[in-house]
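Below is one structure; the comments refer to it alone.
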Amino acid sequence: MQRDYFEEISNDDETHRLTGNNGCASEKLYQLCDATVVPEYRDLVRRFMDVPTLAERLKNEEYISTEYRMCDGSWH
């Protein structure tokens, strides 16, 4: 996460098609967000998934969370 990079260890086929097997973590998270989250929650989810600010946001927290609706109607 410090380098904003990911490399797949194992994954299901559906997610693999969306992300590939390595690359910029932020970019891939944003692609997943745009493909799976309803438009009205995408800005919220993008801010939540912002990898470069993650360390600072967790500085005084054990965890962070948010709620959003997926395109299939489910809530996460």
Side-chain angles (χ1 to χ4, degrees):
M1 288 308 213
Q2 292 174 338
R3 295 183 321 212
D4 195 11
Y5 179 82
F6 83 97
E7 185 171 352
E8 179 183 309
I9 296 170
S10 72
N11 211 334
D12 64 31
D13 290 335
E14 184 177 338
T15 302
H16 180 80
R17 282 193 305 271
L18 291 172
T19 63
N21 59 4
N22 62 32
C24 176
S26 295
E27 182 180 310
K28 298 302 180 178
L29 287 169
Y30 295 158
Q31 287 174 357
L32 282 170
C33 172
D34 292 346
T36 61
V37 176
V38 294
E40 58 267 28
Y41 282 91
R42 288 181 188 159
D43 187 51
L44 170 77
V45 173
R46 281 175 163 260
R47 287 192 312 267
F48 179 75
M49 293 179 166
D50 187 26
V51 174
T53 65
L54 185 58
E56 181 63 28
R57 290 183 290 137
L58 285 169
K59 185 176 176 180
N60 297 314
E61 305 291 337
E62 251 185 78
Y63 64 90
I64 56 174
S65 65
T66 193
E67 294 182 10
Y68 55 94
R69 191 165 51 92
M70 302 291 282
C71 291
D72 68 4
S74 64
W75 285 89
H76 291 233

Counterpart residues, ring-ring contact (aromatic ring centres under 6.0 Å, His included), relative to Tyr68 (two or more places apart):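 Partners of Tyr68 by the ring-ring contact (aromatic ring centres under 6.0 Å, His included) criterion, ordered by chain and then number, come out as His76.
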Partners meeting ring-ring contact (aromatic ring centres under 6.0 Å, His included) with Tyr41 (sequence neighbours left out):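 Counting only residues at least two positions away or on another chain, Tyr41 forms a ring-ring contact (aromatic ring centres under 6.0 Å, His included) with Trp75.
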Counting distance only, does the side-chain N/O of Arg46 pair as donor-acceptor with the main-chain N or O of Cys33 below 3.5 Å?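 Pair absent, no side-chain N/O of Arg46 close to backbone of Cys33.
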Please check if the side chain of Asn22 supplies one atom and the backbone of Phe6 the other of a donor-acceptor pair under 3.5 Å.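 Flag not set: sc Asn22 to bb Phe6 has no pair under 3.5 Å.
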Can you list the steps and then say if Val51 with Ser26 is a side-chain contact (heavy atoms from CB on, under 4.5 Å)? CA-CA 6 Å; Val51 174; Ser26 295; 3.4 Å; yes
For Asp72, what residues pass the side chain to side chain donor-acceptor pair (under 3.5 Å) criterion, not counting sequence neighbours?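 Side chain to side chain donor-acceptor pair (under 3.5 Å) list for Asp72, sorted by chain: Ser74.
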Applying a strict under-4.5 Å side-chain criterion to I, L, V, M, F, W and Y, I'd like to know whether Tyr5 and Met49 cluster together.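 Shared cluster, no.
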Hydrophobic cluster membership, Leu44 vs Val38, 4.5 Å side-chain cutoff: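 Shared cluster, yes.
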More than 12 heavy atoms from other groups under 6.0 Å of CD on Glu67: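 Check fails, neighbour count at 12 or below.
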Would you check, one step at a time, whether the test side-chain contact (heavy atoms from CB on, under 4.5 Å) holds for Asp34 with Arg42? CA-CA 7 Å; Asp34 292 346; Arg42 288 181 188 159; 3.7 Å; yes
Is any side-chain heavy atom of Asp4 closer than 4.5 Å to one of Pro52?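 Yes, close enough: below the 4.5 Å cut-off.
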May I ask you to say whether Arg57 pairs ionically with Asp50, meaning some side-chain N is under 4.0 Å from a carboxylate O?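 Salt bridge absent between Arg57 and Asp50.
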